[in-house]
Amino acid sequence: MKLNPQQDEAVKYVSGPCLVLAGAGSGKTRVITNKIAYLVQQCGYKARNIAAVTFTNKAAREMKERVGQTLGKAESKGLMVSTFHTLGLNIIRREYKVLGLKAGFSLFDDQDQMALLKELTEKQLDGDKDLLRQLMSAISNWKNDMLTSEQVKGRAVGEQDQLFAFCYEMYLKQMKAYNALDFDDLISLPVLLLRTNEDVRKRWQGRIKYLLVDEYQDTNTSQYELVKLLVGERERLTVVGDDDQSIYSWRGAKPQNLVLLGQDYPSLRLIKLEQNYRSTCRILRAANILIANNPHVYEKTLFSEIPEGEPLKVLMAKNEEHEAERVTGEIIAHKFLNRTNYKDYAILYRGNHQSRLIEKWLVQNKVPYKLSGGTSFFSRAEIKDIMAYLRVLVNPDDDNAFLRIVNTPRREIGPVTLEKLGSYANMRGKSLFAASFEMGLEQHLTGRGLENLQRFTQWIVRIADNSERGNTVEAVRSLVRDINYEDWLYETSSSAKAAEMRMKNVSDLYSWIVADLEGDNYDQEEKTLKEVVLKLTLRDMMERGEEDEDNDAVQLMTLHASKGLEFPYVYLLGSEEGILPHQTSIDEDNVEEERRLMYVGITRAQKELTFTMCKERRQYGELIKPSQSRFLDELPQDDIEWESRKKPVSAEERMEKGQAHIANLRAMFKK
DNA sequence: TATAGTGTTATTTTT
DNA sequence: TAACACTATA
């Protein structure tokens, strides 16, 4: 397919900074991939001098693959397509000494971070979960705004401000002691480095001669700063974004960066992609009219050449049980009538808990479904355990990881021993691991405890030594064998089946590592455990190639998770005041972002879109009668079919038909 | 170490 | 209300 004039312009404008305002479904990924190809083939750029930055690993992988298809492997060699965080990590990895880090630093994910903060602030915050969460997001914001603990202290006004500032200082100190970084550091440290060190800045500006940024509206302050520093005076930059799809401001994203861009780069060329290749006119019209209620910096109106299509539907359900029943029935009937696949349907909702009832009904009616989100692979206990072992091998001073594994499996190193070790380590300003070798420890710990502990730490020294040499995967395998982890799983799991599943996860981890090492994701001899552990924490591994058989499933996910995806038929649950403009957003007067969320949901649909709402809903134990979402009122009413409860009988009939049809199909397949 | 009982909390979560 | 984490108890 040929590019349209605007896409073409966006691809070929390379002489200055360029902002591509890409509406939903307007082919922005095509523009980015074609532009990379254009830069290499027509403008004489080497692939290794081009970097493209995305927010998710998935997006990065997809883009890499598509560029590979257009350019070929040879020509795209060295091209940097990664997330912001991976890019930051790469910079840190090469410059860590300047930053005062030791080799083999640890990377803390949110859970590690939370655990550390909890431990650190037990006295100050008294285990108040809410405060703890506030503190964590405050720290994240401070790092995003590049504030040191001194600066934060200086600004603190209230009592709580000062307390938080104190906690921040402690946190930074402790992370330093652990030789550990958190996710925010992966951006802010490179920024700091590039700001202050001219050599390093020159080196990276020379390395990255053209930079492309995807989903630019989701950048936060430090990410944009990183972009500016990498781009430098040359201003060879293309960013792609859509302010109407900014739904992560609660995570620090600053959609205002779109405006700042125009100020920082006066020669900025603005290109709008307004043709939508995804949705019917009716769907698009609804989306346009809805989002017109939000203020805009850059006006844009999407249009589509796809025919009008079906009107949008609103299903009114009696209560949430009925809502789930109706949606399930609708899907079964629709599939039967239109001979579609399950995977053509998506059910979207505001909050994760909304999936429960739907799941129940889908299961009852034997409709296969795939739930995105929930506990991810990497937050499973068994994976965290193994990861903690690997982290300790790479960085024994990582007390967090050390504590997780010291008595898992059982080594008779109980709380008492650890308590004494902890206070001794604290006194000497050493990590737990390092403290276990100190002579003075014997005055605090004796007998069995000391013996067990030292046996453990000496074992670590031995294994760590081995794992640095030789085959990385083999090192992981033999580690798991060494600690009898499988036995431990069988001992502690509620059933043999559960243990099996957990062990399967562990072996999935191996195959993940194997696949990743075999791919060309590593520079020559960088296939060390260190690198693997970092990549694992960033979840930046190759996709696992399984699950193609049971792929035909209805997609269930939150509206947030649906961004960037598209589905022929979309069901949008709970279009009610209090849910879709969420109550807290109403209270905090932030309905605009909720409207964008609705907008994202609507623009996911290609052919048909159905909203649902309940007359009654149970919330925190009490029955409430929600009113319909204000967003429904904002939609063009001519394009909407309000289905009250006029023909529930026919819906049930259709559902029965659908089930009969499925039974037929099943019978046929069995033969 | 499993279990029953109690308490807590209810928005989204790219890395 | 319901789901979950935590803890008291045998």
Side-chain angles (χ1 to χ4, degrees), chain A residues 53-62 82-89 107-114 118 127-130 133 136-137 140 143-144 181-188 213-220 222-223 226 245-253 319-321 348-357 360 372-376 378-379 410 491-495 534-541 557-565 573-574 578-588 590-591 593-594 596-598 600-601 616-624:
Chain A
V53 191
T54 63
F55 277 84
T56 63
N57 292 310
K58 200 170 149 223
R61 259 193 313 265
E62 264 170 35
S82 68
T83 61
F84 267 104
H85 296 267
T86 304
L87 176 65
L89 176 64
L107 190 52
F108 276 24
D109 67 15
D110 308 10
Q111 286 182 44
D112 300 318
Q113 198 181 359
M114 182 60 110
K118 196 175 173 186
D128 186 324
K129 269 188 165 177
D130 196 47
R133 225 172 329 191
M136 194 150 121
S137 89
S140 181
K143 290 202 175 188
N144 288 159
L181 302 178
D182 61 31
F183 283 144
D184 296 317
D185 289 329
L186 295 184
I187 312 295
S188 59
V213 183
D214 191 17
E215 304 278 15
Y216 179 74
Q217 76 282 351
D218 289 338
T219 50
N220 63 32
S222 56
Q223 284 161 341
L226 182 60
Q245 292 187 67
S246 154
I247 52 175
Y248 282 106
S249 69
W250 51 275
R251 256 190 150 234
N319 52 39
E320 59 251 273
E321 193 83 33
L348 310 180
Y349 36 81
R350 177 68 236 255
N352 274 314
H353 65 276
Q354 287 177 276
S355 71
R356 281 204 195 101
L357 272 176
K360 184 177 129 194
S372 310
T375 29
S376 81
F378 288 95
S379 37
R410 280 242 117 75
E491 261 170 55
T492 52
S493 300
S494 50
S495 68
L534 286 172
K535 286 193 81 175
L536 277 170
T537 315
L538 278 174
R539 285 121 223 235
D540 185 13
M541 301 300 275
M557 66 190 79
T558 64
L559 286 161
H560 283 91
S562 76
K563 194 170 74 153
L565 305 175
L573 263 42
I579 293 192
L580 195 28
H582 194 272
Q583 191 56 48
T584 29
S585 300
I586 298 174
D587 296 343
E588 288 165 13
N590 185 24
V591 181
E593 181 142 319
E594 297 289 305
R596 290 195 287 270
L597 207 46
M598 178 70 126
V600 165
E616 256 178 22
R617 192 179 284 275
R618 202 167 270 291
Q619 206 169 46
Y620 309 149
E622 53 185 340
L623 213 55
I624 53 159

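Note that the structure is a prediction, hence the values are computed from the model and not measured. Reminder, nothing fancy here: chain letters follow the sequence lines and each chain counts from 1.
- Residues Q111(A) and S379(A) meet the side-chain proximity criterion, which asks for heavy atoms closer than 4.5 Å.
- Considering every non-hydrogen atom in both T54(A) and D214(A), the closest pair reads CG2-CB, 4.1 Å.
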I'd like to compare against my own output: the B/S/- annotation of nucleotides 9-15 of chain B with a strict under-4.0 Å heavy-atom distance to protein. -BBBBBB
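- Ring planes of W250(A) and H560(A): perpendicular class, angle over 60° (limits at 30 and 60°).
- In this structure a side-chain-to-backbone donor-acceptor pair under 3.5 Å is present from Q223(A) to N220(A).
- The two residues S585(A) and R350(A) make their nearest non-hydrogen contact at OG-NH1, 4.5 Å.
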Pairs counted as Watson-Crick or G-U wobble with both distances under 3.5 Å: what dot-bracket string results for DNA chain C, using | for bases tied to another strand? ||||||||||
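- Put simply, the side chain of R596(A) does not reach to within 4.5 Å of the side chain of Q245(A), judged on heavy atoms.
- Taking the P atom of each, dA5(C) and dT12(B) are spaced 15 Å apart, rounded to whole Å.
- Judged by distance alone, the side chains of T83(A) and T86(A) do bring a donor and an acceptor atom under 3.5 Å apart.
- Side chain to side chain, Q113(A) and D109(A) fail the donor-acceptor criterion of an N or O pair below 3.5 Å.
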Does the pair K143(A) and D182(A) meet the rule for a salt bridge (charged side-chain N to carboxylate O under 4.0 Å, His left out), with working shown? CA-CA 10 Å; K143(A) 290 202 175 188; D182(A) 61 31; 2.7 Å; yes
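- Put simply, the side chain of E593(A) gets close to the backbone of S249(A): a donor and an acceptor are under 3.5 Å apart.
- Taking the C1' atoms as reference points, dA2(C) lies 23 Å from dT13(B), given to the whole Å.
- Read 5' to 3', the first and last nucleotides of DNA chain C with an atom closer than 4.0 Å to a heavy atom of chain A are dT1(C) to dA3(C).
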